[in-house]
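Following: one structure in C-alpha cells, then a few remarks.
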Amino acid sequence: MLNSINRPASIGRRFVGALVDLFLVFFLTVLINTYISTPIANKVADLEVKETLHADYQEVYYKIAIEYEIGTYEREGNNIVFTYDKEFAELSQEDQQKIVDQFNSDEDVIAISEKINALTRKLNNIYFVVVAASLLIPELLIFLIIPLLLKGNATPGQALMKLSTIHKGDFEAKRFQIVLRFISIFLIETLLVYYFSPTLAIILSPMISLIIMAVSSTNSAIHDMLSSTKVVKNDAMVFEDYHAKVEYLNQSKKLKDVNKVYDADTQELRDNFKFIDEQEEIIKNSPQEEEE
C-alpha cells in the first residue's frame with residue numbers, strides 16, 4: 001500500500017464534528033426511548049411481572065404477604081423489590097429480625113426469591129435490548145444512511161466541519177467500509193461502553209475515541225482503524241483506485257525531475273550572470289593605464 005499523501009483532519013475539527021453527531025444521536029435516542037421503546041418495554045415487563053407474581057406463584061405470593069404480614073413484592077422500573085408494610089415498620093427491631101429470619105428460611109419464600117431473581121435478570125435484558133434499539137435507529141441514520149447518501153461519506157457533523165471519510169490509502173471509501181465503520185461505532189464504542197457503564201456511556205465513548213485519536217499518529221479512532229478509513233478535509237486529493245494514485249505519483253515524479261533540471265539550468269545561468277557581473281566589477285575598479 002502506498003503511503004498516504006493527505007494529512008488526516010485535525011483532532012479539534014474531528015471532535016467538534018463528533019459532538020454534533022453525538023448531540024443528534026442523543027436527541028433522537030431520547031425521543032425514541034421516551035415515546036416508543038420504553039412504553040413497549042413497560043408493557044412487556046408488566047406482563048412478565050404479572051405472569052410471575054400473580055399466575056404460577058399467586059398462592060405463594062399471598063401466603064407470604066398474609067402469614068408474615070411483612071410486606072409485598074412490587075415492581076420499581078426494571079427491578080422487583082420487597083416493600084415492607086407500615087405495621088411491620090412500627091415493630092421493634094428485635095421483633096422485625098425474628099420475622100425476617102422466619103421469612104428468609106421459609107421454603108416458599110426461597111422458591112419465589114429464586115423466581116424473582118430470574119425475573120429481574122429477564123427485565124434487565126428487556127431494558128438493555130430497548131436501549132440498544134433506541135440507539136440503533138439514530139446511529140444507523142447518522143453513521144450509515146446519511147454517509148452513504150452524502151458526498152465524501154460524511155456524517156452530519158463532518159459535513160458541517162467540511163470533512164470527508166476516505167480509504168486510508170487516499171482512495172474513495174467503499175460501501176462495505178462505511179458499513180464496517182458503523183458496526184464498529186455501534187457495537188464497540190456504544191453498546192460495549194454502555195454495558196459496563198450505562199450512566200457514563202454518553203461521556204466515556206467520545207472521551208475514549210478522543211484519547212485514541214490523540215495517541216494515534218494518524219489521528220485515527222477505533223472505528224477508523226477497524227474499517228481502514230480516515231477523515232480528511234474536503235480539499236484532500238482522493239483517487240478512484242490504486243492505479244490512479246500510482247499514475248498521479250509517477251506524473252508528479254516526472255514533473256519533479258523536470259523541475260530539478262530546470263532549477264539546475266536556472267542556477268547555472270544565474271551563476272554565469274553572477275560571474276559576468278563580478279568580472280565587470282573587477283574591470284571597472286581596476287586602475288586604468290595612462291594614454292601615451
Under 4.5 Å between side-chain heavy atoms, hopping through other hydrophobics if needed: is there a path connecting [X] to [Y]?
X      : Y      : answer
Val25  : Leu148 : yes
Val238 : Leu150 : no
Val16  : Ile211 : no
Met225 : Val215 : no
Leu149 : Leu144 : yes

What distance separates [X] [atom1] from [Y] [atom2], expressed to the nearest 0.5 Å?
X      : Y      : atom1 : atom2 : value
Leu191 : Ile185 : CG    : CD1   : 12.5 Å
Ile183 : Leu140 : CD1   : CG    : 10.0 Å
Leu136 : Phe186 : CG    : CZ    : 4.5 Å
Ile222 : Glu189 : CD1   : CD    : 5.0 Å
His223 : Ser228 : NE2   : OG    : 12.5 Å
Phe15  : Leu22  : CZ    : CG    : 8.0 Å

Heavy-atom closest pair, residues [X] and [Y]:
X      : Y      : answer
Ser37  : Val130 : CB-CG1, 3.3 Å
Ala173 : Ile178 : CB-CD1, 4.1 Å
Ala221 : Arg14  : N-NH1, 4.2 Å
Pro147 : Ile142 : CD-O, 3.2 Å
Ile212 : Ser220 : CG2-O, 3.5 Å
Met213 : Ile11  : O-CD1, 3.8 Å

Sequence-distant partners of Phe128, ring-ring contact (aromatic ring centres under 6.0 Å, His included), two or more places apart
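Scan of Phe128 (ring-ring contact (aromatic ring centres under 6.0 Å, His included), adjacent residues dropped) gives Tyr194.
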
Okay, side chain of [X], backbone of [Y]: is any donor-acceptor separation there less than 3.5 Å?
X      : Y      : value
Thr34  : Val30  : yes
Gln177 : Thr229 : no
Ser184 : Leu180 : yes

For residues [X] and [Y], determine if any side-chain heavy atom of one lies less than 4.5 Å from a side-chain heavy atom of the other.
X      : Y      : result
Val232 : Arg7   : no
Pro156 : Asp21  : yes
Leu226 : Ile188 : yes
Asp224 : Lys230 : no
Phe143 : Arg181 : no

Under the side-chain contact (heavy atoms from CB on, under 4.5 Å) test, which residues partner Phe239, sequence neighbours left out?
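Only Ile5, Asp170, Phe171, Met237, Ala244, Lys245, Tyr248 meet the side-chain contact (heavy atoms from CB on, under 4.5 Å) criterion with Phe239.
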
Phe27 pairs by side chain to side chain contact (heavy atoms under 4.5 Å, CB included) with which of Leu31, Leu24, Thr29?
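Passing option: Leu31.
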
Identify every side-chain donor-acceptor pair in residues 157-164 under 3.5 Å, counting partners at least two apart or on other chains, and give the distances.
| residue | atom | partner | partner atom | Å |
| --- | --- | --- | --- | --- |
| Gln158 | OE1 | Thr155 | N | 3.2 |
| Gln158 | OE1 | Thr165 | OG1 | 3.1 |
| Ser164 | OG | Asn234 | OD1 | 2.6 |

